[in-house]
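Here the structure is laid out as structure tokens; the discussion comes afterwards.
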Amino acid sequence: MTYRYVLRVKMRIICELHYLFLSLFLLIFACEVNRYMICVSLIKTLFNMKALYFICCLLICNLSFAQTKVYNASKEIKGTDYTYLCEVRNGVFVTLKNKKCVFRGLQQISNVSKSEVEEKDVPFLKNDDASHAQVLTVCNEVLGQFFTTKMDKKHNPLVLNLFISSETGRITDVYFCFATVQKCGEIPPEVYRDLELKLKKDVLFEPSEEGKKVNYIFRQTVFNQE
């Protein structure tokens with residue numbers, strides 16, 4: 001075996017090793033590039049998700065803020081099948097009622113003498129407690145989704161002024177009274193409209209003989225009363 005032949009073999013081995021090392025380097029480089037691209041892709045995805053989350057939070061905050069501003073001043077609130085009169089006192093206390101209220105601004109009077117009357121010793125309704133329980137049941141069915149915990153119910157009373165027909169015992173008018181700083185002030189007007197319709201449909205009072213002699217019967221109920 002000549003020296004020249006041994007030299008050629010060595011050179012070939014060196015070339016093969018160089019080729020192997022170059023292949024390994026290119027493979028490692030490709031993996032690093034691929035990993036870098038994956039990292040970049042993940043960073044972009046996370047950034048986009050974070051941006052989307054931030055935008056969603058802003059939208060939710062804006063919607064919540066806009067909702068609380070619904071009852072910020074005295075005005076008319078128009079829905080698909082109703083118009084509510086929103087009366088705000090001292091920027092806090094809200095009275096919400098249908099513009100088509102039958103007994104709005106009318107005194108309770110006798111149908112016979114036409115003079116003003118007051119319910120005293122003889123009640124105008126029979127089974128008052130049972131009807132009161134019906135009102136609270138309907139309120140819980142409609143508004144229960146907004147008051148899921150004890151903390152939600154605490155310090156969030158909703159006062160309902162009910163004007164009842166002395167002839168049929170059905171609720172004719174409903175006034176909703178609440179404070180804007182309470183959770184009740186975050187409930188959309190259409191929910192109060194649903195509650196109004198359900199109260200008129202599901203609750204039935206029973207007027208007494210004395211109650212049938214007046215133009216309407218008034219009752220006040222408090223939902224979420226502590």
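We're numbering straight along the sequence, starting at 1. The shown structure was predicted, so the numbers you read here are calculated from the model rather than taken from an experiment. All values below were derived from every heavy atom in this structure, side-chain atoms included, with hydrogens, water molecules and symmetry-related copies excluded.
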Given Lys183 and Phe178, is the side-chain contact (heavy atoms from CB on, under 4.5 Å) satisfied, shown in steps? CA-CA 9 Å; Lys183 201 172 186 68; Phe178 53 88; over 6 Å; no

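- A single hydrophobic cluster is seen to contain both Leu96 and Val174, as judged by linkage of ILVMFWY side chains at heavy-atom distances under 4.5 Å, directly or through other members.
- With a 6.0 Å radius and a threshold of 12 heavy atoms from other residues, nucleotides or ligands, Lys100 has its NZ atom at or below the threshold.
- Shown here for Ser165 and Pro207, the closest heavy-atom pair between the two residues is O-CG, 4.0 Å.
- Between the side chain of Thr83 and the backbone N or O of Lys78, no donor-acceptor pair lies under 3.5 Å.
- The aromatic rings of Phe223 and Phe147 sit perpendicular to each other, their planes meeting at more than 60°, with 30° as the lower class boundary.
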Using side-chain contact (heavy atoms from CB on, under 4.5 Å), reason through Phe205 and Asp128 one step at a time and then give a plain yes or no. CA-CA 7 Å; Phe205 290 87; Asp128 210 352; 4.2 Å; yes

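- Side-chain N or O atoms of Asp173 include one that pairs as donor or acceptor with a backbone N or O of Val102 at under 3.5 Å.
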Can Asp202 and Gln134 be said to form a side-chain contact (heavy atoms from CB on, under 4.5 Å), step by step? CA-CA 8 Å; Asp202 294 350; Gln134 287 182 353; over 6 Å; no

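- The six-membered or imidazole ring of Phe176 lies away from that of Tyr71, with a centre-to-centre distance of 6.0 Å or more.
- Under a 3.5 Å cut-off, the side chain of Lys200 and the backbone N or O of Thr172 do form a donor-acceptor pair.
- In this view, Gln182 satisfies the side chain to side chain donor-acceptor pair (under 3.5 Å) rule with no residue, not counting sequence neighbours.
- Applying side-chain contact (heavy atoms from CB on, under 4.5 Å) to Tyr84 and the options Lys99, Lys97, Glu76, Glu196 leaves one that passes, Glu196.
- Ile164 places a side-chain heavy atom less than 4.5 Å from the side chain of Leu125.
- Around atom CZ of Phe218, more than 12 heavy atoms belonging to other residues, nucleotides or ligands sit under 6.0 Å away.
- Under the 4.5 Å side-chain criterion, counting only non-hydrogen atoms from C-beta, Arg219 is not in contact with Val135.
- In this structure, Ile171 is not a member of the same hydrophobic cluster as Phe103, with clusters built from ILVMFWY side-chain heavy atoms closer than 4.5 Å.
- Here the side chain of Glu119 pairs a donor or acceptor atom with the backbone of Phe124 at under 3.5 angstrom.
- Note that OG1 of Thr221 and CG of Leu136 are 6.0 Å apart. Values are rounded to the nearest 0.5 Å.
- Side-chain N or O atoms of Tyr216 include one that pairs as donor or acceptor with a backbone N or O of Leu106 at under 3.5 Å.
- Not counting sequence neighbours, the partners of Leu197 by the side-chain contact (heavy atoms from CB on, under 4.5 Å) test are Asp81, Arg193.
- Remark: side-chain polar atoms of Ser208 are paired, donor with acceptor, to backbone N or O of Pro123 under 3.5 angstrom.
- The backbone N or O of Asn156 lies less than 3.5 Å from a partner atom in the side chain of Asn224, making a donor-acceptor pair.
- Taking the side chain as every heavy atom from C-beta outward, Leu204 and Arg170 approach each other to under 4.5 Å.
- Using a 4.5 Å heavy-atom cutoff, the side chains of Cys177 and Asn161 are in contact.
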May I have the step-by-step check of side-chain contact (heavy atoms from CB on, under 4.5 Å) for Cys139 and Leu160, ending in yes or no? CA-CA 10 Å; Cys139 287; Leu160 297 92; 3.8 Å; yes

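- A 6.0 Å sphere centred on CD of Glu167 holds no more than 12 heavy atoms belonging to other residues, nucleotides or ligands.
- Side-chain contact between Ile109 and Val214 is absent, with no heavy atoms from C-beta onward closer than 4.5 Å.
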